[in-house]
Enquirer: 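Before anything else, here's the structure in question.
Letters A, B, ... mirror the listed sequences (proteins, then strands); counts begin at 1. What you are looking at is a predicted structure, and each value in this text was computed from that prediction instead of being measured.
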Protein chains: 2
Amino acid sequence: MKRTDRRSDCPTNFALQAFGDSWSLLVVRDLMFKGKRSFVEFAASDEHIATNILTDRLFTLRRSGIIRRDGTGRATRYSLTAKGVDLLPLMIEMIVWAARHDGRSAAPGAFVRRATRARAELLAEMRARLVLEHAAR
Amino acid sequence: MKRTDRRSDCPTNFALQAFGDSWSLLVVRDLMFKGKRSFVEFAASDEHIATNILTDRLFTLRRSGIIRRDGTGRATRYSLTAKGVDLLPLMIEMIVWAARHDGRSAAPGAFVRRATRARAELLAEMRARLVLEHAAR
DNA sequence: CTGTATCCTTAGGGATACTG
DNA sequence: CAGTATCCCTAAGGATACAG
């Protein structure tokens, strides 16, 4: 069963069907934070995605409506659709989480600190509930 | 190159190394929102993860420090560590995104609506920048 | 119940060459 | 430059049986 064939009405599963692999969100990151727009720019990222895989992911991300393609030939450029831009909160939370738990990361920058405060109250409540739930057992 | 072998200092890549596959976050979802704690409960989810894959994911999630295992034999129970609970914001953003873009989803509930408002101001600013950036080209 | 182990098939992916 | 195509190997995963 392919990842994209797995059916359930769960929103988590829906999201994972769209980008639940180890390459798609790296392309989104390049578009969202690194200003990359072209095939070679994506291929040149530190993670060294193979060109056949890159072709495939650009296609599936387009099919999911997360990115679009403009131009043709060597003028081809990719960009985020509104649906892709809507991934911004998720990307920020990934970065916040990684910055907090990756020992190799530098100290969190102003960007991460601000993002962390912005939704602090809402999450503190739910987090406390989850933690207490564990402690109670 | 395995997902978990791919090296770069990017926090996005760090996060994808920990849970950038199509099954790990479903286990986190089951622990976080569905109150599931045992092997069979995870295996019984709608997405029907195979038991060998489940064994592997429980192991890698433990190795990543996202979940812990308590008890032994048929008393074995899994739960989220603090590091796992810290994935809550990310999970919420996944759900918010999916609820907005999955046509099959029901109308967003109070949970999603509240989560959506909580970090609205911060993100509106960055989102506007990304959208304008595209429009300008 | 909680896993392991095995068998087998398919998807993912690296390397490289090639085309428009 | 922007991809495709091919080769080939490995990892992912499904089915099932089995063990503690």
Side-chain angles (χ1 to χ4, degrees), chain A residues 1-8 12-13 16-28 30-31 34-64 67-79 137, chain B residues 1-8 12-13 16-28 30-31 34-64 67-79 137:
Chain A
M1 183 164 49
K2 297 177 63 172
R3 160 175 62 90
T4 48
D5 292 338
R6 196 173 55 219
R7 289 292 140 213
S8 89
T12 302
N13 192 43
L16 291 174
Q17 285 181 20
F19 51 77
D21 69 277
S22 68
W23 294 113
S24 295
L25 289 186
L26 293 176
V27 174
V28 171
D30 285 348
L31 284 165
K34 304 207 169 189
K36 300 189 178 186
R37 296 291 180 266
S38 70
F39 192 91
V40 275
E41 286 175 324
F42 302 139
S45 290
D46 286 345
E47 294 84 10
H48 297 108
I49 185 171
T51 58
N52 56 342
I53 306 300
L54 178 55
T55 296
D56 179 77
R57 292 309 186 277
L58 290 172
F59 179 77
T60 59
L61 284 170
R62 281 207 297 147
R63 194 184 49 194
S64 297
I67 67 175
R68 74 170 70 81
R69 181 167 70 178
D70 297 309
T72 170
R74 54 196 58 194
T76 304
R77 292 295 179 274
Y78 295 89
S79 57
R137 284 185 308 97
Chain B
M1 181 165 50
K2 298 177 59 171
R3 162 173 62 91
T4 47
D5 291 339
R6 195 174 56 219
R7 288 291 141 214
S8 87
T12 302
N13 191 45
L16 291 174
Q17 285 180 19
F19 51 76
D21 69 277
S22 67
W23 294 112
S24 296
L25 289 185
L26 292 176
V27 174
V28 172
D30 285 348
L31 285 164
K34 305 207 167 188
K36 300 188 176 185
R37 297 289 180 267
S38 70
F39 193 89
V40 276
E41 288 176 322
F42 302 139
S45 290
D46 286 344
E47 294 83 9
H48 297 107
I49 185 170
T51 58
N52 56 342
I53 305 298
L54 178 55
T55 297
D56 178 77
R57 291 309 185 277
L58 289 171
F59 179 78
T60 59
L61 284 169
R62 282 208 296 146
R63 194 184 48 194
S64 298
I67 67 175
R68 72 170 71 80
R69 181 168 69 177
D70 298 308
T72 168
R74 55 197 59 195
T76 304
R77 292 294 179 273
Y78 295 90
S79 57
R137 286 185 307 98

Enquirer: Is Arg57(B) close enough to dG13(D) that one of its side-chain N or O atoms is under 4.0 Å from OP1 or OP2 there?
Expert: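 For dG13(D), OP1 or OP2 has a side-chain N or O of Arg57(B) closer than 4.0 Å.
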Enquirer: Atom CZ of Arg3(A) and atom C1' of dA11(D): how far apart are they, to the nearest Å?
Expert: 15 Å
Enquirer: Round to the nearest Å and state the distance from His48(A) atom NE2 to dG14(C) atom C1'.
Expert: 13 Å
Enquirer: Can you tell me how far CG of Asp70(A) sits from CZ of Arg77(A), rounded to the nearest 0.5 angstrom?
Expert: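 Reported value, rounded in 0.5 Å steps: 10.5 Å.
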Enquirer: If I take atom CG from residue Leu58(A) and atom CZ from residue Arg63(A), how far apart are they, to the nearest 0.5 angstrom?
Expert: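 The CG atom of Leu58(A) sits 12.5 Å away from the CZ atom of Arg63(A).
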Enquirer: Look for any protein N or O under 3.5 Å of an N or O in nucleotides 2-9 of chain D and output each such pair with its distance, or none.
Expert:
residue, atom, partner, partner atom, Å
dA2(D), OP1, Arg77(A), NH1, 3.4
dA2(D), OP2, Val40(A), N, 3.3
dG3(D), OP1, Arg69(A), NH1, 3.0
dG3(D), OP1, Tyr78(A), OH, 3.4
dG3(D), OP2, Tyr78(A), OH, 2.7
dT4(D), O4, Thr51(A), OG1, 3.2

Enquirer: In whole Å, I'd like the distance from the CG atom of Leu54(B) to the C1' atom of dT16(D).
Expert: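 In whole Å, dT16(D) C1' lies 16 Å from Leu54(B) CG.
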Enquirer: Rounding to an integer number of Å, can you tell me how far Lys36(B) NZ sits from dT2(C) C1'?
Expert: 16 Å
Enquirer: Would you kindly give the CG-to-P distance between Asp56(B) and dA5(C), to the nearest whole Å?
Expert: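 After rounding, the gap between these two atoms is 13 Å.
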Enquirer: From CG of Asp21(B) over to P of dG13(C), roughly how many Å is that when rounded to an integer?
Expert: 11 Å
Enquirer: Got a sec, which residues hit side-chain hydrogen bond (donor to acceptor under 3.5 Å, both in side chains) with Ser45(B), two or more places apart in sequence or on another chain?
Expert: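 Expected list: Asp30(B), Lys36(B).
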Enquirer: What's the separation between atom CD1 in Ile53(A) and atom OG1 in Thr60(A), rounded to the nearest 0.5 Å?
Expert: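 The distance works out to 10.5 Å.
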Enquirer: From CD1 of Ile53(B) over to P of dG3(C), roughly how many Å is that when rounded to an integer?
Expert: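 Distance, rounded to whole Å: 15 Å.
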Enquirer: Please enumerate all residues that pass side-chain hydrogen bond (donor to acceptor under 3.5 Å, both in side chains) together with Thr55(B), with sequence neighbours excluded.
Expert: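 With sequence neighbours excluded, Thr55(B) shows a side-chain hydrogen bond (donor to acceptor under 3.5 Å, both in side chains) to no residue whatsoever.
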Enquirer: Looking at five pairs on each end of the helix from dC1(C)-dG20(D) to dG20(C)-dC1(D), what is the angle between the two axes, given to 10 degrees?
Expert: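 Roughly 40° between the end axes, to the nearest 10°.
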Enquirer: For Asp56(A), give me all partners under side-chain hydrogen bond (donor to acceptor under 3.5 Å, both in side chains), at least two apart in sequence or on another chain.
Expert: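 Per chain and number, Asp56(A) pairs via side-chain hydrogen bond (donor to acceptor under 3.5 Å, both in side chains) with no residue.
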Enquirer: For the pair made of CZ in Arg37(B) and C1' in dT2(C), what is the distance, rounded to whole Å?
Expert: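 So the two atoms are 17 Å apart, to the nearest Å.
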Enquirer: Holding to side chain to side chain contact (heavy atoms under 4.5 Å, CB included), I want the full list of residues that pass it with Thr76(B), two or more places apart in sequence or in another chain.
Expert: Arg69(B), Tyr78(B)
Enquirer: Look only at the side chain of Arg37(B) and the backbone of Ser79(B), and say whether a donor-acceptor pair between them is shorter than 3.5 Å.
Expert: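 No, Arg37(B) side chain to Ser79(B) backbone: no donor-acceptor pair under 3.5 Å.
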Enquirer: Under the salt bridge (charged side-chain N to carboxylate O under 4.0 Å, His left out) rule, what do Arg57(A) and Asp21(A) come out as? Steps first, then yes or no, please.
Expert: CA-CA 10 Å; Arg57(A) 292 309 186 277; Asp21(A) 69 277; 3.0 Å; yes
